[in-house]
**Student:** 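One structure, pasted below without further comment.
The sequence lines fix the lettering, A, B, ..., with proteins before strands; numbering per chain opens at 1. When reading the values below, keep in mind they use all heavy atoms of this one structure, side chains included, and skip hydrogens, waters and symmetry mates.
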Number of protein chains: 2
Amino acid sequence: MDIKIVDVAAKAGVSPATVSRVLNNNSNVTANTKEKVMKVIEELGYQPNAAAKNLRSQRSMIIGVIVPEINNSYYAEIIKGIENKAYAQKYKVIICDTGNNKEKELDFISLLMNKTADSMILVTPLLSDEELCHIADMSYLIGVVGRHIDHHNIPCVYTDNVKFSKDVVSHLVQQGHRKIAFLSGYADAVDSYERLEGYLKALREHHIPFHPELIENGDFSEKGGYEAIKRLVEKQADFTAVYAANDEMALGVYKACAELDIRIPDQLAVVGVDNNRISRYIQPKLSTVSQPKIKMGRAIVEKLIEQLEHGEPSQERVLVLDSELMIRESSLAPVPGPSGSSPVTPGS
Amino acid sequence: MDIKIVDVAAKAGVSPATVSRVLNNNSNVTANTKEKVMKVIEELGYQPNAAAKNLRSQRSMIIGVIVPEINNSYYAEIIKGIENKAYAQKYKVIICDTGNNKEKELDFISLLMNKTADSMILVTPLLSDEELCHIADMSYLIGVVGRHIDHHNIPCVYTDNVKFSKDVVSHLVQQGHRKIAFLSGYADAVDSYERLEGYLKALREHHIPFHPELIENGDFSEKGGYEAIKRLVEKQADFTAVYAANDEMALGVYKACAELDIRIPDQLAVVGVDNNRISRYIQPKLSTVSQPKIKMGRAIVEKLIEQLEHGEPSQERVLVLDSELMIRESSLAPVPGPSGSSPVTPGS
DNA sequence: GTGAAAGCGCTAACAC
DNA sequence: GTGTTAGCGCTTTCAC
């Protein structure tokens with residue numbers, strides 16, 4: 001079978017305790033014995049059994065990460081940031097893909113809380129604030145990315161949805177638009193709510209009346225965006241610009257516009273959020289909001305590990321990172337048509 | 001502290017062994033006691049300690065996955081397939097991103113072999129066949145995706161590079177092309193080698209002479225493709241079509257063509273491999289080879305778990321999945337110019 | 001500075 | 001069908 005610590009100890013002529021001390025860089029070992037032990041470890045190719053180590057030390061050096069969709073570039077980038085930082089700190093990362101299923105998310109959480117993972121990162125979880133606080137109250141360490149939670153023991157890293165949404169709408173207004181539609185994500189997602197809030201605040205600041213019929217819900221997917229914009233057009237809503245809650249939905253708008261012969265940005269300006277890689281490659285290039293995804297991943301790991309290893313919450317529990325409005329082609333054009341007419345109605 | 005199995009046993013008036021039996025669905029328990037125990041488990045919210053369980057049972061229910069780049073849609077999709085299948089079988093997945101660094105890959109392997117993961121999936125590893133066989137010979141179970149390994153105990157799932165490469169070139173030939181360039185990936189990658197092989201075989205079958213100057217190496221990245229095609233153009237190579245070893249490199253070709261005012265597909269036909277999501281969104285839509293990425297992920301997990309749980313290699317150690325040539329716009333056009341002139345030279 | 005021994009929480013043989 | 005008990009392989013007091 002595998003070689004274990006007693007084997008090393010025997011061959012090196014020391015006790016298992018000493019081998020353990022050498023492995024864990026415990027200072028109370030003579031340079032001499034240390035060298036001796038290291039040599040035997042090398043010779044035998046000894047690798048400490050992780051399961052035994054975990055049981056004894058009560059930690060697994062594993063961080064769990066729960067995301068809605070692994071294969072969505074937004075989450076994939078955050079995961080990359082998390083994984084790279086974790087590796088640098090000698091932690092491993094377990095990935096869980098919920099497929100936007102709340103049951104699965106809860107299942108993953110209980111699956112990892114049993115000492116499988118020392119801590120968990122929830123990326124824009126489907127759970128309510130209360131549910132998240134409840135986990136933290138069981139003195140299990142969790143971190144949240146993409147959302148603010150009001151709990152003294154939950155580190156959060158996110159960008160300011162309200163702020164960048166106002167920036168998006170202000171940009172559109174500066175381009176001359178006043179009839180701006182908003183395509184929301186899941187109705188119950190925090191991001192949807194806050195982006196809508198930013199949209200409304202910007203309208204208000206620019207003294208633009210709010211028209212509820214210019215808001216449609218989607219689900220953050222291309223299909224959702226496609227259907228939402230179609231609904232808008234079908235009910236003959238009057239708008240010259242669209243703020244889509246993310247790039248996926250903006251992609252759906254592109255698709256619908258292609259079918260309906262609506263030209264972007266001449267007849268309709270479009271802005272998304274996330275700066276998905278695709279947004280730079282489609283025609284016209286999509287204006288969007290760039291979030292520091294990798295940095296967000298790194299930051300949350302940093303906070304979590306600090307807390308795991310020093311026992312106390314890191315100085316700044318909450319980190320709000322800047323996002324950047326990337327103005328590209330899809331929102332740069334003279335505002336179409338005279339006020340009152342609806343340039344996006346097909347055939348007009 | 002956390003509540004443990006003895007606590008449950010005490011409260012239920014049974015022994016720890018019985019609780020364990022109930023938890024592991026061991027049949028030798030009365031329906032009555034089972035119910036009684038379950039109730040207490042429920043009441044106390046008992047969750048078995050994973051570390052202890054792992055140590056005792058010598059398995060962690062964790063599968064390690066090592067990929068070059070998490071945030072590349074090709075790998076992200078494979079990971080999705082792996083994760084979803086693993087979850088369905090009650091396994092968890094640890095993700096390792098090597099960033100195409102062989103040292104890191106080796107480090108991850110030794111990090112996970114210590115009973116941290118019951119098995120590992122290497123997705124197109126940087127290691128040599130010998131190195132992989134060496135791991136398998138230590139009776140540690142590994143699986144490989146995207147590559148064939150000749151070892152009786154290493155399950156492999158991949159698509160036939162040679163076959164689809166021949167299909168790509170044949171398609172180009174059918175479109176009338178005879179001067180076809182090949183942009184390779186890493187010179188030492190198996191995929192590069194095999195795709196080149198398919199390219200050569202197709203040329204031979206169509207009695208097209210092979211011109212070594214039409215081959216350039218890249219590194220599977222957009223930048224690599226960009227630089228490779230630029231080198232081709234600079235040395236005034238004569239070609240009307242390009243087969244790029246993957247979509248990333250094809251994207252680099254698009255970029256270079258935009259700069260050099262070369263129109264795709266009128267002046268240059270382009271085909272890639274991977275069917276990255278972007279390939280459907282760029283203009284013109286990129287012809288490419290679609291690989292069943294999610295299916296590949298599912299398949300390797302299936303084989304691994306079968307072997308883990310039944311001890312013997314699954315019936316079919318090797319699974320070669322079909323890929324599909326997706327003919328889109330980038331390869332559909334009359335062949336440009338008369339034979340002998342080089343239509344891709346800028347300004348010609 | 002080093003060794004002996006206890007025990008992390010669970011499962012599986014072996015009794016009964 | 002259920003209980004008793006002996007470890008899984010490591011770390012960490014506590015002696016010396």
Side-chain angles (χ1 to χ4, degrees), chain A residues 1-38 40-41 44-62 90 110-118 309, chain B residues 1-41 44-62 90 111-118 309:
Chain A
M1 252 315 278
D2 283 346
I3 143 139
K4 38 205 159 190
I5 205 168
V6 286
D7 303 326
V8 176
K11 185 159 184 190
V14 297
S15 76
T18 300
V19 177
S20 173
R21 283 191 263 260
V22 169
L23 283 166
N24 297 288
N25 284 315
N26 193 315
S27 52
N28 294 341
V29 190
T30 321
N32 196 352
T33 45
K34 181 169 180 176
E35 194 185 341
K36 194 169 57 183
V37 170
M38 287 300 260
V40 175
I41 287 175
L44 299 181
Y46 169 70
Q47 296 284 71
N49 179 310
K53 189 166 183 161
N54 294 348
L55 175 58
R56 181 61 229 225
S57 60
Q58 304 280 35
R59 50 218 309 278
S60 61
M61 302 299 281
I62 289 177
K90 308 223 174 294
S110 65
L111 228 52
L112 298 186
M113 275 180 71
N114 316 320
K115 303 284 177 195
T116 292
D118 295 337
E309 312 210 320
Chain B
M1 252 309 281
D2 283 346
I3 144 139
K4 38 203 159 190
I5 206 168
V6 286
D7 303 326
V8 176
K11 185 159 183 190
V14 297
S15 77
T18 301
V19 177
S20 174
R21 283 191 263 260
V22 169
L23 283 167
N24 298 289
N25 284 316
N26 193 315
S27 50
N28 295 341
V29 190
T30 322
N32 195 352
T33 47
K34 181 169 180 176
E35 194 184 340
K36 195 169 56 184
V37 170
M38 287 302 261
K39 202 172 140 224
V40 175
I41 288 174
L44 299 181
Y46 168 70
Q47 296 284 70
N49 180 311
K53 190 167 181 160
N54 294 348
L55 175 58
R56 180 62 231 226
S57 61
Q58 304 280 33
R59 50 217 312 275
S60 61
M61 302 300 282
I62 289 178
K90 307 221 175 298
L111 227 54
L112 298 187
M113 275 180 70
N114 316 321
K115 303 285 175 194
T116 293
D118 295 337
E309 311 209 322

**Student:** Taking only the side-chain nitrogens and oxygens of Thr30(A), find out if one of them lies under 4.0 Å from OP1 or OP2 of dT2(C).
**Tutor:**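 Indeed, a polar side-chain atom of Thr30(A) lies that close.
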**Student:** From dC10(C), dC10(D), dA4(C), pick the nucleotide closest to the side chain of Ala52(B)?
**Tutor:**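 Given the options dC10(C), dC10(D), dA4(C), the side chain of Ala52(B) is closest to dC10(C).
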**Student:** Sequence neighbours left out, what pairs pass salt bridge (Lys or Arg N to Asp or Glu O under 4.0 Å) with at least one residue falling in residues 48-58 of chain B?
**Tutor:**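 Applying salt bridge (Lys or Arg N to Asp or Glu O under 4.0 Å) to every pair that reaches into residues 48-58 of chain B, excluding sequence neighbours, yields nothing.
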**Student:** For residues 8-29 of chain B, which residue pairs qualify under salt bridge (Lys or Arg N to Asp or Glu O under 4.0 Å), counting only residues two or more places apart or in two chains?
**Tutor:**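 Passing the test, one end in residues 8-29 of chain B: Lys11(B)-Glu43(B).
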**Student:** Using atom types as modelled, flag every donor-acceptor pair under 3.5 Å from a side chain in residues 33-40 of chain B to any protein atom, sequence neighbours excluded.
**Tutor:**
from	atom 1	to	atom 2	distance (Å)
Thr33(B)	OG1	Thr30(B)	N	3.4
Thr33(B)	OG1	Thr30(B)	O	3.0

**Student:** Which residues satisfy the side chain to side chain donor-acceptor pair (under 3.5 Å) test with Thr18(A), sequence neighbours excluded?
**Tutor:**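 Thr18(A) satisfies side chain to side chain donor-acceptor pair (under 3.5 Å) with Ser15(A) only.
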**Student:** Given atom CD1 of Ile5(B) and atom P of dG7(D), what is their separation to the nearest angstrom?
**Tutor:**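 Atom CD1 in Ile5(B) sits about 19 Å away from atom P in dG7(D).
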**Student:** Check the phosphate of dG1(C) against Thr33(A), side-chain N and O only, distance under 4.0 Å to OP1 or OP2. Yes or no?
**Tutor:**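 It does not, given that no N or O in the side chain of Thr33(A) lies less than 4.0 Å from OP1 or OP2 of dG1(C).
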**Student:** Once you apply a heavy-atom cut-off of 4.0 Å, does Asn49(A) come out as touching a base, just sugar-phosphate, or nothing?
**Tutor:**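 Since only primed, P, OP1 and OP2 atoms lie under 4.0 Å of Asn49(A), the category is sugar-phosphate.
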**Student:** Under the side chain to side chain contact (heavy atoms under 4.5 Å, CB included) rule, what do Leu111(B) and Thr116(B) come out as? Steps first, then yes or no, please.
**Tutor:** CA-CA 8 Å; Leu111(B) 227 54; Thr116(B) 293; over 6 Å; no
**Student:** Please list, chain by chain and in numerical order, all residues satisfying side chain to side chain donor-acceptor pair (under 3.5 Å) with Ser57(A), sequence neighbours excluded.
**Tutor:**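 Expected list: none.
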**Student:** Among all residues two or more places apart in sequence or in another chain, which pass the side chain to side chain donor-acceptor pair (under 3.5 Å) test with Asp7(A)?
**Tutor:**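 Once residues adjacent in sequence are excluded, Asp7(A) has no partner under the side chain to side chain donor-acceptor pair (under 3.5 Å) criterion.
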**Student:** Please round to 10 degrees the angle between the axis of the first five pairs and the axis of the last five pairs in the helix from dG1(C)-dC16(D) to dC16(C)-dG1(D).
**Tutor:**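 The helix from dG1(C)-dC16(D) to dC16(C)-dG1(D) shows an end-to-end axis angle of 30°.
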**Student:** Using whole Å, report how far NZ of Lys115(A) lies from P of dG9(C).
**Tutor:**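 Checked: the NZ to P distance equals 8 Å.
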**Student:** Taking only residues two or more places apart in sequence, or in another chain, which ones meet Ser60(B) in a side chain to side chain contact (heavy atoms under 4.5 Å, CB included)?
**Tutor:**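 Applying side chain to side chain contact (heavy atoms under 4.5 Å, CB included) to Ser60(B) gives Asn54(B), Ile62(B), Asp118(B).
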**Student:** Could you tell me whether Val6(A) contacts a base, only the sugar-phosphate backbone, or nothing, with contacts defined as non-hydrogen atoms closer than 4.0 Å?
**Tutor:**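 Nothing, no nucleic acid heavy atom in range.
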**Student:** Mind listing the N/O atom pairs, protein and nucleotides 12-16 of chain D, below 3.5 Å?
**Tutor:**
from	atom 1	to	atom 2	distance (Å)
dT12(D)	O4'	Arg56(A)	NH2	3.3

